[in-house]
Amino acid sequence: DVRMRPDNPDVMYVTDAFAGVFMSTDGGQTWFPSNDGITTRIGETGDAIPIFCLTIDPHDHDTIWVGTQDVRGIYKSTDGGRTWVKKDGGVVEEAGITFRGLAVDPRSPDVVYAAAEISSWVWSERPQEGREFDKVRGVVYKTTDGGERWTAVWRGDNLARYIWIDPRDSNVIYVSTGIFDREAANSDHTTNTPGGEGVLKSTDGGETWQRVNDGLANLYVGTLFLHPENPDVLLAGAGNNAYPDGGGVYLTTDGG
């Protein structure tokens, strides 16, 4: 992820380097690591800092959330990324989980959603390789107390990628699932069955979900974007290396 501070775009953050969070205060001309308090480590030598995703709280730009790759870990900063505190109570997966996206409720900074991928060796008795990639499942976690406790509000047969919350009604939530280099747990390459979950929508704050896939010819939705002025309009980018048929850019003007 690359993120700019909304009130000062010279302050930037970048992740996914296995070296944690890097920060710039001069618009990206120079960078420095900012990982004080992030204790999670992986890798053969035990010194990789697996920070994968990063989100700036729209209510308070000094509050930043990050999620880890291949291992349990959600961290929160309240001083603009200078120091971090681990906030992943309630997440049941110790390993094999990658947090791919975080979203803060536009009406409450205490309500945050975390979208994640679960590797096959976690949900299955043995690794499940598809045609080209790992066959993964997904989970969406939710906290209502600023990260003190998380609860899974969705689990399904593909990784959860992006989360969008309707600013008019924060009970309305969209989740895109899938990516180009993972295969869905419900896929079967021997029968050329792509599987997948597509785009999910909740109208009750994540209590229940429906698939809103009418018109989508590929259910690996690696990217999703919500129109900033008309939240009924969304753009979805779909496709997968193992199952490319139907890949493309899709538009909805009626909330899916």
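Sequential numbering from 1 along the given sequence is applied to the chain's residues.
Contact of the Arg41 side chain with the Ile49 side chain is registered, since non-hydrogen atoms from C-beta on lie closer than 4.5 Å. A heavy-atom distance below 4.5 Å is found between the side chains of Pro6 and His61. Two residues are said to be in side-chain contact when any heavy atoms from C-beta on lie closer than 4.5 Å; Trp84 and Val66 meet this criterion. A heavy-atom distance below 4.5 Å is found between the side chains of Pro50 and Val71. Side chains of Leu251 and Thr253 form a contact here, defined as non-hydrogen atoms less than 4.5 Å apart. Looking at Tyr250 and Val221, their side chains never come closer than 4.5 Å, going by heavy atoms from C-beta outward. Annotation: side chain of Val2 is not in contact with side chain of Tyr13 (no heavy-atom distance under 4.5 Å). Using a 4.5 Å heavy-atom cutoff, the side chains of Asp36 and Arg82 are not in contact.
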Task: Val172/Lys201 under side chain to side chain contact (heavy atoms under 4.5 Å, CB included): CA gap, chis, key distance, verdict - done: CA-CA 7 Å; Val172 177; Lys201 183 178 183 178; 3.9 Å; yes
Task: side-chain hydrogen bond (donor to acceptor under 3.5 Å, both in side chains) evaluation trace for Thr177 with Tyr220 - done: CA-CA 6 Å; Thr177 66; Tyr220 290 82; over 6 Å; no
Task: side chain to side chain contact (heavy atoms under 4.5 Å, CB included) assessment of Trp65 paired with Val112 - done: CA-CA 9 Å; Trp65 295 88; Val112 185; 3.7 Å; yes
Task: Chi angles and distances behind the side chain to side chain contact (heavy atoms under 4.5 Å, CB included) call for Thr143, Asp110 - done: CA-CA 7 Å; Thr143 180; Asp110 290 330; over 6 Å; no
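Of the N and O atoms on the side chains of Arg131 and Asn241, not one donor lies less than 3.5 Å from an acceptor on the other residue. Between the side chains of Tyr174 and Ser202, no donor N or O sits under 3.5 Å from an acceptor N or O. A donor atom on one side chain and an acceptor atom on the other are found under 3.5 Å apart for Asp26 and Ser24.
No donor-acceptor pair under 3.5 Å is formed between the side chain of Asn218 and the backbone N or O of Gly248. For Asp204 (side chain) and Thr208 (main-chain N/O), a donor-acceptor pair under 3.5 Å exists by modelled atom type. Side chain of Asp70 to backbone of Ile97: no donor-acceptor contact under 3.5 angstrom is found. At least one donor-acceptor pair under 3.5 Å links the side chain of Ser176 to the backbone N or O of Tyr162. Judged purely by atom type and a 3.5 angstrom limit, Asp1 has no side-chain atom pairing as donor or acceptor with the backbone of Thr55. In this structure, the side chain of Asp188 does not engage the main chain of Asn192 through any donor-acceptor pair within 3.5 Å. When atom types are taken as modelled, the side chain of Trp209 and the backbone of Val153 share a donor-acceptor pair closer than 3.5 angstrom. The backbone N or O of Gly195 sits nowhere less than 3.5 Å from a side-chain atom of Ser187 that would complete a donor-acceptor pair. Put simply, the side chain of His189 never gets that close to the backbone of Glu132: no donor and acceptor are under 3.5 Å apart. Not one N or O on the side chain of Tyr243 forms a donor-acceptor pair closer than 3.5 Å with the backbone of Phe180.
Ion pairing between Arg168 and Asp232 holds under the 4.0 Å rule for side-chain N and carboxylate O. Taking 4.0 Å as the cut-off between side-chain N and carboxylate O, Glu183 and Lys135 do not count as a salt-bridged pair. Under a 4.0 Å N-O distance rule, the pair Lys86/Asp88 qualifies as a salt bridge.
Of the listed residues (Asp10, Asp62, Asp60), just one forms a salt bridge (Lys or Arg N to Asp or Glu O under 4.0 Å) with Arg5, and that residue is Asp62.
Residue Phe133 qualifies as enclosed at atom CZ: its count of foreign heavy atoms under 6.0 Å is above 12. Atom CG of Asp7 has more than 12 heavy atoms from other residues, nucleotides or ligands within 6.0 Å.
In this structure, OG on Ser77 lies 9.5 Å from CG on Leu54, to the nearest 0.5 angstrom. With values rounded to the nearest 0.5 angstrom, Asp16 atom CG is found 10.5 Å from Ile51 atom CD1. Taking CG of Asn35 as the reference point, atom CE of Met23 lies at 11.5 Å (rounded to 0.5 Å). In this structure, CG in Leu200 is found 10.0 Å from CG in Leu224, a value given to the nearest 0.5 Å. Summarising the geometry, atom CG belonging to Asp157 is positioned 4.0 Å from atom CG belonging to Asn186; distances are rounded to the nearest 0.5 Å. In this structure, the separation between CD on Glu93 and CD1 on Ile118 is 4.0 Å, given to the nearest 0.5 Å.
Hydrophobic clustering keeps Trp164 apart from Trp154 (ILVMFWY residues linked when any side-chain heavy atoms are closer than 4.5 Å, directly or through intermediates). Linking ILVMFWY side-chain heavy atoms closer than 4.5 Å, directly or via other members, places Val11 and Met4 in two distinct hydrophobic clusters.
Applying the side-chain hydrogen bond (donor to acceptor under 3.5 Å, both in side chains) test to pairs two or more places apart or on separate chains, those with a residue in residues 112-130 are Arg100-Glu117, Tyr113-Lys142, Glu117-Arg182, Ser120-Asp134, Ser124-Gln128.
In plain terms, the two heavy atoms of Lys76 and Thr78 that are nearest each other are CE-CG2, 4.2 Å. Among all heavy-atom pairs drawn from Val139 and Ala152, the shortest one is CG2-CB, 3.9 Å. Across all non-hydrogen atoms, the minimal contact from Pro106 to Ser170 is CD-CB, 4.3 Å. Tyr75 and Thr68 make their closest contact through CE1-CG2, 4.3 Å (heavy atoms, listed as atom of the first residue, atom of the second, distance). Contact record, Leu234 with Gly255: CD1-CA, 4.3 Å, taken as the closest heavy-atom pair. Closest approach of Trp150 and Lys87 over heavy atoms only: NE1-O, 2.7 Å.
Note on ring orientation: taking the six-membered ring where Trp is involved, the planes of Tyr141 and Phe99 are tilted (angle from 30° to 60°).
Applying the side-chain hydrogen bond (donor to acceptor under 3.5 Å, both in side chains) rule to Thr252 yields the partners Asp254; only residues at least two apart in sequence or on another chain are considered.
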